[in-house]
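Each chain gets a letter, A, B and so on, in the order the sequences are listed, and its residues count up from 1.
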Amino acid sequence: MDKARVADVLDEIGTLLDIQGENVFKCRAYHNAARIVTGLGGDLAALVSSGDIRNVKGIGEALAEKITELVTTGKLAYYDELKASFPPGVFEMMKIQGVGPKKVRLLMEKLSITTVAQLELACREDRLAAVEGFGKKTQENILAGIELLKKHSSQFLYSVAERAALTILGRIAALPGVIRAEIAGSLRRKKEVVGDIDILVAAKKTHAKKILSAFASHESVQRVLGEGETKASVVLDIGINCDLRVVDPSEFPFALNYFTGSKDHNVRIRSLARAADLSLNEYGFSPLGSGEKRGSSKRAVACASEEDIYAALGLSYVPPELREDAGEVDAALARTLPVLVEERDIRGTFHCHTTYSDGANTVTEMAEAARALGWEYLGLADHSKAAAYANGLDETRVRKQQKEIDSVNQKLAGFRILKGIEVDILANGDLDFSDATLATFDYVVASVHSGFKMSEADMTKRILKALRNKYVTMIGHLTGRLLLIREGYALRQHEIIDAAADSGKIIEINAHPQRLDLDWRLCRYAKEKGMKFAINPDAHVTDGLLDVRYGVGTARKGWLEKKDILNTSTLREVETYLSLT
DNA sequence: GCCGTTTTCGGCCCGACTGTTTTCAGTCG
């Protein structure tokens with residue numbers, strides 16, 4: 001059993017104990033352990049077999065035993081028993097905003113409610129308000145929460161879908177007869193939120209059956225929706241639909257292009273094909289009106305790759321991230337597509353957390369991980385004191401960390417740790433530190449972490465005020481999950497970007513794998529304003545440094561180039577930019 | 001359930017916000 005699944009089980013145990021009313025610190029121990037396991041570097045199986053898992057801080061005797069059982073047997077008796085004592089559906093209820101373990105427990109005890117559907121009915125029949133501790137308002141809020149849940153239940157964060165997809169892709173690619181296997185669809189286009197997973201395989205027809213049945217019997221498959229000659233559809237354990245198609249190797253580029261989409265992009269390039277008297281579909285090009293059947297050896301244009309397809313239409317190659325019919329086809333025709341930022345362009349980053357606040361690794365460990373990636377610098381921006389839930393730093397601990405950074409920097413030749421802070425923007429728009437303290441940092445990231453329910457107008461005012469502080473270098477993650485929850489929020493973000501552009505601030509493309517990135521349309525808007533961007537991982541763990549790739553994905557969709565991204569600058573250039581000596 | 005240690009058990013991250021209360025509990029970040 002892999003790290004991610006072990007973490008899921010531990011987290012689930014924590015939640016079930018929460019509902020059971022167990023000691024909160026015991027529950028927290030499980031939730032903590034889930035986070036710790038996720039953040040562990042290296043191979044979990046090796047840690048278990050050597051017994052070193054017991055030496056990890058936060059993993060005591062009991063947890064070490066349970067993790068060992070999970071890793072070695074793939075099961076955990078304690079978990080199975082615990083889970084069996086709850087009706088299925090309780091987890092779904094916890095997903096409703098404002099419903100936590102205590103409310104779930106009350107609902108189960110007082111009204112025998114164990115599913116979201118039952119809960120919704122009870123709200124509509126006005127039965128909730130009568131329960132002690134609940135009221136009219138709570139009932140309304142829960143109903144609203146259920147609506148929201150329904151609306152987004154078919155959407156998955158990119159990182160969640162990617163994890164599931166890569167597990168399956170790895171297995172499929174290793175099967176006999178598989179010549180190529182790729183992820184297609186919105187996941188390949190690196191949409192922040194995707195509805196399903198599409199996987200495409202190139203193989204001879206004789207192998208198709210075996211490939212499809214191996215797919216349908218993969219351990220993460222919860223339910224098989226259909227399994228035919230060339231295609232199988234399943235639902236994975238995380239609830240997402242996953243389709244696998246097997247196509248002939250000669251058709252693969254066409255199928256990959258077709259199933260990558262977007263639909264609007266496909267419509268545009270098919271109309272280009274028609275203008276050239278060609279018909280383009282998922283099997284290939286054919287002369288218009290020829291009536292040729294697929295599989296004909298007389299294809300109008302043979303293509304060995306997607307590059308060939310675009311070239312045949314007189315287009316330069318359009319990277320998947322750009323295929324949204326957002327001007328990319330015209331740009332490809334005119335040969336004016338931007339040279340997009342690549343992961344390998346990144347020379348460093350600006351928003352990493354350490355064990356000083358809520359990170360999982362020390363200053364030294366983070367620096368070494370960054371150096372191992374070939375970077376020249378690493379910006380540490382731990383939380384400030386108002387973020388108490390994240391163990392935010394007060395002025396004393398800031399000084400301590402800065403001292404440590406100085407000492408580590410002396411040992412790292414050709415590499416520099418930059419002293420940053422992720423300072424909270426308080427409810428009134430003030431910053432969590434005085435100007436005197438802010439002045440001690442190399443740069444300052446200002447972020448909102450509280451009061452999300454304030455009106456959009458007030459939130460905008462609050463952020464604008466913070467941006468007027470001369471020590472603020474960068475706007476922290478503007479949106480997070482708010483983008484999902486509040487339609488129209490982006491409008492106010494434009495106001496913020498306008499103001500930030502005027503004062504020369506940097507936009508952060510925050511790439512925390514658990515959150516939505518800054519919307520790429522905003523990136524394009526900000527780019528038009530001439531703003532500089534920073535692709536930041538908000539990394540709490542060493543492995544998390546790599547998550548900068550999520551930010552790169554969003555940057556590419558915003559048509560951002562190397563020159564737009566501060567992280568692609570060399571250390572010397574960054575030092576100059578930040579006016580460091 | 002974990003940690004640290006004044007080595008055997010007490011403390012464990014905390015404040016804002018909301019809705020329910022009339023002094024607080026639950027949820028969230």
Undergrad: Round to a whole Å and report the spacing from CZ of A:Arg54 to P of B:dC3.
TA: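 It is 6 Å, rounded to the nearest whole Å.
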Undergrad: Please give, in whole Å, the distance from B:dC3 P to A:Tyr30 OH?
TA: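 It is 13 Å, rounded to the nearest whole Å.
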Undergrad: Taking atom P in both B:dA16 and B:dT23, what distance in whole Å separates the two?
TA: 22 Å
Undergrad: Looking at B:dG19, B:dG26, B:dC12, which one has an atom nearest to any side-chain atom of A:Phe25?
TA: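 Looking only at heavy atoms from C-beta outward on A:Phe25, the closest nucleotide is B:dC12.
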Undergrad: With a 4.0 Å cutoff (strictly under), does any side-chain N or O of A:Arg105 reach OP1 or OP2 of B:dG26?
TA: no
Undergrad: Rounded to the nearest angstrom, tell me the gap between atom NZ in A:Lys26 and atom C1' in B:dG11.
TA: 17 Å
Undergrad: Which value, in whole Å, describes the distance between the C1' atoms of nucleotides B:dT5 and B:dC12?
TA: 15 Å
Undergrad: Among B:dG1, B:dG19, B:dT27, find the nucleotide with the atom closest to the side chain of A:Lys137.
TA: B:dG19
Undergrad: Considering only atom P, compute the distance from B:dG15 to B:dT22 and round it to an integer number of Å.
TA: 25 Å
Undergrad: Expressed in angstrom and rounded to an integer, what is the separation of A:Glu22 atom CD from B:dC12 atom P?
TA: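 To the nearest whole Å, that distance equals 19 Å.
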Undergrad: Say you draw a straight line from OG of A:Ser112 to CG of A:Leu107; how long is it, rounded to the nearest 0.5 Å?
TA: 10.5 Å
Undergrad: Once you apply a heavy-atom cut-off of 4.0 Å, does A:Val56 come out as touching a base, just sugar-phosphate, or nothing?
TA: sugar-phosphate
Undergrad: For the P atoms, the ones on B:dC17 and on B:dG11, what distance do you get once it is rounded to whole angstrom?
TA: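 Comparing P positions in B:dC17 and B:dG11 gives a spacing of 29 Å.
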Undergrad: Which one of A:Arg189, A:Arg549, A:Lys191, A:Lys190 satisfies the salt bridge (Lys or Arg N to Asp or Glu O under 4.0 Å) criterion with A:Glu321?
TA: A:Lys190
Undergrad: Looking only at side-chain atoms of A:Lys102, point me to the closest of B:dG26, B:dC12, B:dC2.
TA: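 For A:Lys102, the side-chain atoms sit closest to B:dG26.
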Undergrad: In this structure, how many angstroms lie between the C1' atom of B:dC13 and the CG atom of A:Leu393, rounded?
TA: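 It works out to 14 Å between those atoms.
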Undergrad: Using the C1' atom as the point on both nucleotides, what is the distance between B:dG1 and B:dT6, in whole Å?
TA: 23 Å
Undergrad: Whole Å only: how far is the CZ atom of A:Phe134 from the C1' atom of B:dA25?
TA: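 After rounding, the gap between these two atoms is 12 Å.
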Undergrad: Reading DNA chain B from 5' onward, which residue's closest nucleotide shows up sooner: A:Lys103 or A:Ala29?
TA: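 Upstream on the strand: A:Ala29.
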Undergrad: Go through it in stages, so that I can follow the logic: the residues are A:Asp358 and A:His353, the test is side-chain hydrogen bond (donor to acceptor under 3.5 Å, both in side chains), and I'd like the CA-CA distance, side-chain angles, deciding distance and then a yes or no.
TA: CA-CA 7 Å; A:Asp358 60 349; A:His353 295 196; 2.8 Å; yes
Undergrad: Is it true that A:Asp18 and A:His31 share a donor-acceptor pair across their side chains at a distance under 3.5 Å?
TA: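 Yes, A:Asp18 and A:His31 have a side-chain donor paired with an acceptor closer than 3.5 Å.
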Undergrad: Taking only N and O in the side chain of A:Thr138, is any of them less than 4.0 Å away from OP1 or OP2 of B:dT18?
TA: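 Indeed not, no polar side-chain atom of A:Thr138 lies that close.
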Undergrad: Using atom C1' of each nucleotide, how far apart are B:dC13 and B:dT27 to the nearest Å?
TA: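 Per the computed distance, 15 Å lies between those C1' atoms.
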Undergrad: Just how far, in rounded Å, is P of B:dG29 from CE of A:Met459?
TA: 12 Å
Undergrad: Which nucleotide, if any, forms a Watson-Crick or G-U wobble pair with B:dC24, using both distances under 3.5 Å?
TA: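 By the stated definition (distances under 3.5 Å), B:dG19 pairs with B:dC24.
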Undergrad: Would you say the rings of A:Phe91 and A:Phe86 are close, in the sense that their centroids are separated by under 6.0 Å?
TA: no
Undergrad: Between B:dT20 and B:dC28, how far is it from one P atom to the other, in whole Å?
TA: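 Looking at atom P only, B:dT20 and B:dC28 are 15 Å apart.
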Undergrad: Mind checking if A:Glu132 touches a base, just sugar-phosphate, or nothing, with heavy atoms under 4.0 Å?
TA: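 No contact.
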Undergrad: May I have the distance from A:Ile142 (atom CD1) to B:dG26 (atom C1'), rounded to whole angstrom?
TA: 11 Å
Undergrad: Does the ring pair (Phe, Tyr, Trp, His ring centres under 6.0 Å) test come out yes or no for A:Tyr471 and A:Phe441, once each step is laid out?
TA: CA-CA 9 Å; A:Tyr471 293 106; A:Phe441 296 102; 9.8 Å; no
Undergrad: Below 4.0 angstrom from OP1 or OP2 of B:dG1, is there any side-chain N or O of A:Asn23?
TA: no
Undergrad: Can you tell which of B:dG1, B:dC12, B:dT18 lies closest to the side chain of A:Leu63?
TA: B:dG1
